Q: 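Quick one: structure below, then a few questions.
Letters go in sequence order (proteins before strands), and every chain restarts at 1. All values derive from a computational prediction rather than experimental measurement.
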Protein chains: 2
Amino acid sequence: MTNNRQSIKKATISDVAKLAKTGKTSVSRYLNGEFGILSATLKERIEQAIKELNYRPNQMARSLKKGQTKLIALILADITNPYSVEVMKGLEAACQDNGYTLLVCNINKEKAKEKYFLQLLMDYNVDGVIIHALRTQDSILRDLPFPVVLVDRRMSDLGYDIVGLDNIQATTLASNYLIDSGFEAIIFITESLTGVGTRQERVNTFKKIVKQQKGIVGEVVEIEDMNQQTELLDQHIVSFCQKCRGMRKAIVTVNGSVTLHVSLALKRLNIIWGKDIGLLSFDDPVWASVAGVGITTLRQPTYKIGYSSFEMLHRRMQGDHSEAKEYLYPGELIIRDSTN
Amino acid sequence: MTNNRQSIKKATISDVAKLAKTGKTSVSRYLNGEFGILSATLKERIEQAIKELNYRPNQMARSLKKGQTKLIALILADITNPYSVEVMKGLEAACQDNGYTLLVCNINKEKAKEKYFLQLLMDYNVDGVIIHALRTQDSILRDLPFPVVLVDRRMSDLGYDIVGLDNIQATTLASNYLIDSGFEAIIFITESLTGVGTRQERVNTFKKIVKQQKGIVGEVVEIEDMNQQTELLDQHIVSFCQKCRGMRKAIVTVNGSVTLHVSLALKRLNIIWGKDIGLLSFDDPVWASVAGVGITTLRQPTYKIGYSSFEMLHRRMQGDHSEAKEYLYPGELIIRDSTN
DNA sequence: CTGTTAGCGCGTTCAA
DNA sequence: TTGAACGCGCTAACAG
């Protein structure tokens with residue numbers, strides 16, 4: 001059997017018109033639901049012809065004509081990140097609910113691709129774009145020909161709408177929980193902070209809270225590249241443990257990826273979370289409950305974030321030119337045995 | 001500051017032609033790299049005009065005219081599955097290397113969406129489609145207007161190319177490893193087998209190997225819905241342990257998702273892998289090394305699978321009508337402490 | 001080497 | 001109520 005049978009030519013609107021013995025215009029009207037101006041019999045004939053030819057309108061032609069493609073795009077830094085995938089699922093649902101198709105663009109952490117995709121999306125005339133975790137400061141980000149919504153604040157203000165976690169609320173919740181649970185020394189471990197507003201907010205809030213509490217030791221460690229600098233990570237953990245000997249210690253990780261790296265480090269160092277040290281993670285990876293005794297996490301309403309980012313975009317696509325807004329959702333603490 | 005400034009009208013090929021004082025044809029030739037037929041001065045003028053207007057060709061118009069969109073699509077059952085995401089990354093890289101854009105369609109395990117997406121892709125005239133884990137037996141799958149490549153064999157033979165893991169090699173490798181390591185009773189746990197060729201192949205190979213070995217107890221458990229039937233899973237594990245009391249026991253899980261469920265079950269039952277029972281998982285989830293003592297896995301060459309699925313598709317898109325082929329890649333055993 | 005012309009499939013005047 | 005004709009932005013056939 002042979003593959004690739006382009007032989008099946010698709011019927012066009014003209015074919016339908018011919019078969020229904022009418023003009024393309026009426027068919028077009030039928031397609032667009034303007035039934036008020038169609039006689040019952042014509043409508044019937046067209047219906048019949050469409051079914052017979054198995055006709056489906058060509059979206060490309062339609063897009064060209066109407067100037068809107070019903071395509072929207074999601075640009076994300078790293079599709080390996082489960083958080084991003086969750087957001088994507090919410091977004092996807094919203095798209096389908098509204099007749100839009102989602103184009104997923106994975107930057108894959110390669111800076112060059114940011115521009116590449118933005119250009120591409122302009123070339124394809126997408127109706128709108130949702131950007132998650134973009135870092136470029138390129139001027140291309142100004143005056144884009146389509147509306148943009150940002151998931152998580154990541155760059156200097158460009159006047160775009162923002163949807164994301166309420167980092168202040170979430171960090172406060174997590175920090176206070178640890179303190180109330182009797183932890184006396186807390187180290188906050190993060191990846192590169194440059195250009196990533198989300199992480200900055202978490203770090204800053206953490207610092208502020210710790211400072212307000214007397215007798216609590218708070219420390220922040222920033223490691224540029226977790227994949228490369230494993231020894232550095234190990235060293236920081238070790239020296240933290242030594243410095244705070246005798247105190248109840250805990251680690252907070254800024255996101256799921258860091259949590260994985262820290263878990264690996266603790267295994268290497270033979271430090272057991274839930275027993276030798278506390279552990280609390282932003283994001284709620286699926287494996288959080290099977291990793292050792294389980295890891296306490298701060299879960300984000302990812303699905304909702306994805307879904308409502310579409311809603312904001314949709315408003316813009318329909319011509320809403322009002323001031324840029326921020327929609328921040330609260331996080332939820334999922335308590336497991338790493339912090340008991 | 002206001003968002004959504006569609007005000008910036010994009011320049012068209014006519015604008016460029018006018019500014020360069022020439023016809024659209026020459027501009028088009030320039031765009032398509034046919035420099036052999038362009039005088040140096042004209043080329044120069046066009047180049048200048050394009051830069052000045054910041055012109056970029058409209059892909060929609062181009063697609064309409066040429067009948068090819070440079071769009072290909074990936075249809076997958078569940079984007080939450082890390083295996084699928086890995087495949088996607090390979091595919092994505094291949095697309096970019098060849099100037100194609102990838103459309104990701106997530107079925108999300110909702111059967112109705114399979115047809116929906118296939119229709120959609122026809123409407124958008126994509127050049128080709130890669131299908132991962134589709135289950136429909138709908139006639140729509142025959143005579144599609146674009147070439148198709150299947151990742152993992154999942155349905156009755158439709159004459160499409162197939163790329164995936166060599167399940168026989170992989171299962172043999174895994175099973176023999178367990179037997180050689182001294183395990184005497186092995187239970188193979190899988191999700192629903194109906195319509196999923198990949199899982200069937202793994203199960204069948206497992207059965208065959210176990211039967212050949214004297215003194216080895218082999219058992220297969222199929223659980224339809226892992227999310228709903230957690231008690232059932234627990235029961236099966238418990239009864240297996242009772243039945244095979246005194247023997248060295250191991251569990252094999254058919255994929256990463258099942259591994260997660262089984263890990264959770266073992267935690268509930270307070271059975272410790274690597275000590276009370278062996279555990280070996282198809283797929284290699286990122287968390288395999290932080291779950292308890294670590295989980296031995298059978299890693300698939302996911303990236304390569306994704307990349308080469310594009311290559312096969314590409315050949316078809318260029319008109320190769322030869323017989324459908326199968327490309328199967330071997331798996332690799334990653335040994336951790338769950339099977340020592 | 002270059003420009004004019006005719007569509008690709010569809011939506012939208014405008015006149016009947 | 002209906003349909004003919006034009007054009008969206010681009011490429012290709014055909015003349016020059």
Q: The criterion is side chain to side chain donor-acceptor pair (under 3.5 Å); which residues satisfy it with B/Glu47, sequence neighbours excluded?
A: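 For B/Glu47 the side chain to side chain donor-acceptor pair (under 3.5 Å) partners, ignoring immediate neighbours, are B/Tyr30.
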
Q: Please report, rounded to the nearest Å, how far the C1' atom of C/dC10 is from the CD atom of A/Gln68.
A: 14 Å

Q: A/Asn81: which residues meet the side chain to side chain donor-acceptor pair (under 3.5 Å) condition with it, sequence neighbours left out?
A: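 Testing A/Asn81 for side chain to side chain donor-acceptor pair (under 3.5 Å), a comparison that skips the adjacent residues, returns none.
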
Q: When all nucleic acid strands are considered with a 4.0 Å heavy-atom cut-off, which category describes A/Ser28: base, sugar-phosphate, or nothing?
A: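 Contact class for A/Ser28: base.
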
Q: Does B/Ser26 place a side-chain N or O at less than 4.0 Å from the phosphate oxygens OP1/OP2 of C/dC1?
A: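 For C/dC1, neither OP1 nor OP2 has a side-chain N or O of B/Ser26 closer than 4.0 Å.
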
Q: Specify the separation, in whole Å, of atom NZ of A/Lys24 and atom C1' of C/dC8.
A: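 Computing the A/Lys24:NZ to C/dC8:C1' distance gives 11 Å.
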
Q: Using whole Å, what does the distance between atom P of nucleotide C/dG11 and atom CG of A/Leu31 come to?
A: 6 Å

Q: Who passes side chain to side chain contact (heavy atoms under 4.5 Å, CB included) against A/Thr22, sequence neighbours left out?
A: A/Ala20, A/Ser26, A/Val27, A/Leu42, A/Arg45, A/Ile46

Q: Considering only heavy atoms, which members of residues 44-60 of chain B lie under 4.0 Å from some atom of DNA chain C?
A: none

Q: Respond yes when some side-chain nitrogen or oxygen of B/Arg29 is under 4.0 Å from OP1 or OP2 of C/dT2, and no when none is.
A: no

Q: Taking any heavy-atom pair under 4.0 Å as a contact, classify B/Ser39: base, sugar-phosphate, or nothing.
A: sugar-phosphate

Q: Give a yes/no on whether any side-chain N or O of A/Ser63 is located under 4.0 angstrom from OP1 or OP2 of C/dC10.
A: no

Q: Looking at five pairs on each end of the helix from C/dC1-D/dG16 to C/dA16-D/dT1, what is the angle between the two axes, given to 10 degrees?
A: 50°

Q: Walk along DNA chain D from 5' to 3' and tell me the first and last nucleotide with an atom closer than 4.0 Å to a non-hydrogen atom of chain B.
A: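 Nucleotide range with atoms under 4.0 Å of chain B: D/dG9 to D/dC14.
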
Q: What is the distance, to the nearest angstrom, from the CD atom on A/Glu34 to the P atom on C/dT13?
A: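 Result: 10 Å.
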
